[in-house]
Amino acid sequence: MGIKQLQSLALNPWMVLGSLVAGFWLGSIAPGFALKLAFVGDIYVDLMKMIVLPFMVSAIIFSLQRLFQEGGTAQLLGRVAVVFLSFAAVSAVVGALTLLAMQPGSGLSQDTLETFGRIVGNDIGSNDTVMELRGVDAAAEHGSAADILVSLVPANIFAALASGDTLKSLVFALLFGFAVGQVPSRVSDGLTSALETVYRSCQTLTHWLNLPLPIVIACMSAAQLAKTGQGPLLAMTQFVLAFFVASLLALALALAVLWRRSGLPLAQLVDALRGPFALAIATRSSATCMPVMIESLADRLGFARLRVELLVPLSVSLLRIGPVLYYVCATLFIAQLYGHALGFGEVLLVIAASVLAGFASAGMSGLVTISLTGMACAYLGLPFEAAFILFVAVDPLCDILRTLVIVIGNTAAVALICPQPLKV
């Protein structure tokens with residue numbers, strides 16, 4: 001069996017689902033052994049992250065240079081701004097409607113509330129964390145807009161690359177790409193050739209790393225369940241279920257956009273997306289999915305490679321629709337949990353604050369992403385800090401959903417910005 005056949009088997013949706021089920025089963029019956037498998041996932045994610053920054057920088061500079069040579073840059077960037085803002089707003093509205101319809105934080109049993117209290121009380125990382133359903137915590141301080149802008153500028157691009165700072169590397173790649181686009185092609189051809197070599201090599205490495213994906217998924221899911229246990233998941237079942245429904249709705253809208261823009265049968269579209277889908281579940285990192293997103297859009301769906309290679313890194317770095325959806329759901333859940341009835345104006349405020357928090361989360365990952373929920377909660381005076389540990393406990397599952405929404409949603413956004421593929 002050739003490499004292409006093995007890769008197709010590794011990315012098969014049923015293989016991915018089977019690996020997840022096997023991992024959860026192993027984590028539940030042999031937690032001690034499952035914890036020892038965590039290193040497999042750590043190594044795999046580090047290998048994928050190793051590829052991301054050289055891939056992103058080379059793709060953006062290379063694509064911008066060709067884009068300037070062809071013309072139409074200003075029109076493309078204007079379309080990017082409109083689509084990015086629209087997708088973020090739609091994602092926030094979907095989350096708000098889902099939480100208002102399902103009301104996961106209302107009418108909870110006394111046993112569930114007591115479980116919440118025990119989980120928070122066991123937060124050994126913060127002795128001051130208290131789950132007081134009638135209390136009000138002080139709002140967390142956040143950096144000013146000027147501080148955020150200053151933090152985007154890479155004083156040392158090599159330090160940004162060494163530390164894995166995706167956002168600063170993106171800013172450098174964009175500025176450098178704009179500058180290279182102004183250099184005559186006879187001078188910049190050598191750089192173009194070198195960047196294309198880096199880009200193609202990163203794609204090849206990604207294909208190789210797709211092969212052990214089922215084993216990696218099984219090991220990561222087993223270790224995660226062994227680490228957190230089933231208690232927090234059961235206590236937060238209603239929130240996880242509501243966020244799952246909201247994510248499914250967002251994914252359905254993204255698939256509808258891709259279906260309309262690609263003009264392909266639905267079955268063929270889903271097959272073309274199985275690479276990004278599987279890698280998003282395995283790595284929970286949208287950045288590591290960029291090579292397979294580009295491959296799916298350009299090679300399997302037929303969108304213009306020049307546009308795709310520029311827009312995929314840009315969208316993954318800036319269009320954080322997964323976190324936007326999460327912030328709306330988490331804020332409304334906390335409001336329901338604390339019995340804070342929200343009017344129409346307050347819901348709109350939550351949506352606007354969540355969109356801003358989503359764009360502010362660019363370049364962030366892990367617990368830092370969750371903590372930005374406090375930005376939306378602060379506008380309503382909700383005590384997010386007291387409930388933080390609850391969201392940390394179930395974040396492995398929510399993180400998978402956030403990543404899926406980012407990856408498939410951003411794929412749809414790029415498809416909407418690019419010209420439709422020509423029918424053959």
Side-chain angles (χ1 to χ4, degrees), residues 11-17 20 82-104 237-284 286 289 292-293 296-297 300-303 308 311-312 315-316 319-333 347 350-351 354-355 358 394 397-418 420-421:
L11 298 177
N12 186 286
W14 293 109
M15 180 68 76
V16 173
L17 180 61
L20 273 174
V82 172
V83 171
F84 280 17
L85 287 172
S86 300
F87 268 61
V90 169
S91 176
V93 170
V94 167
L97 292 176
T98 303
L99 265 288
L100 292 174
M102 296 184 66
Q103 295 285 318
T237 297
Q238 290 184 230
F239 170 75
V240 173
L241 178 61
F243 185 58
F244 177 75
V245 171
S247 299
L248 282 184
L249 291 174
L251 290 171
L253 289 174
L255 286 175
V257 171
L258 283 164
W259 184 36
R260 181 68 180 270
R261 295 292 292 175
S262 66
L264 297 176
L266 186 59
Q268 188 175 344
L269 171 65
V270 172
D271 183 67
L273 294 174
R274 64 181 179 178
F277 183 89
L279 205 58
I281 292 176
T283 64
R284 297 186 306 192
S286 55
C289 297
V292 289
M293 290 170 67
S296 294
L297 281 163
R300 309 197 66 179
L301 298 180
F303 290 94
V308 168
L311 293 172
V312 165
S315 67
V316 167
L319 182 56
R320 311 290 291 173
I321 54 178
V324 169
L325 183 71
Y326 180 83
Y327 297 146
V328 172
C329 292
T331 303
L332 293 180
F333 176 76
V347 173
V350 170
I351 290 174
S354 298
V355 170
V394 297
L397 279 178
C398 295
D399 197 15
I400 291 175
L401 295 171
R402 282 199 306 268
T403 306
L404 274 174
V405 172
I406 291 176
V407 170
I408 305 302
N410 286 5
T411 302
V414 171
L416 193 59
I417 296 169
C418 292
Q420 284 187 272

Working to the nearest 0.5 Å, report the span between [atom1] of [X] and [atom2] of [Y].
X      : Y      : atom1 : atom2 : answer
Ile400 : Ser247 : CD1   : OG    : 11.0 Å
Leu251 : Ile408 : CG    : CD1   : 6.5 Å
Ile351 : Leu97  : CD1   : CG    : 7.0 Å
Phe244 : Leu249 : CZ    : CG    : 10.5 Å
Ile281 : Asp399 : CD1   : CG    : 12.0 Å
Leu311 : Met293 : CG    : CE    : 10.5 Å

- Query: For the residue pair Phe243 and Tyr326, does the interplanar ring angle fall in the parallel (under 30°), tilted (30 to 60°) or perpendicular (over 60°) class?
  - Reply: perpendicular
Can you see which heavy atom on [X] is nearest to which on [Y], and at what distance?
X      : Y      : value
Ala280 : Val407 : CB-CG2, 4.0 Å
Cys289 : Pro276 : SG-O, 4.2 Å
Val355 : Ala88  : CG2-O, 3.8 Å
Leu301 : Pro421 : O-CG, 3.4 Å
Ala250 : Leu325 : CB-CD2, 4.3 Å
Ala246 : Gly95  : CB-CA, 4.3 Å

Check whether any side-chain N or O of [X] sits under 3.5 Å from a backbone N or O of [Y] as a donor-acceptor pair, and report yes or no.
X      : Y      : value
Arg261 : Cys418 : yes
Trp259 : Leu264 : yes
Ser296 : Ala272 : yes
Ser315 : Val312 : yes

Do [X] and [Y] come close enough that some side-chain heavy atom pair is under 4.5 Å?
X      : Y      : result
Val347 : Val350 : no
Thr411 : Leu258 : yes
Phe87  : Asn410 : no
Leu253 : Ser91  : no
Arg274 : Asp271 : yes

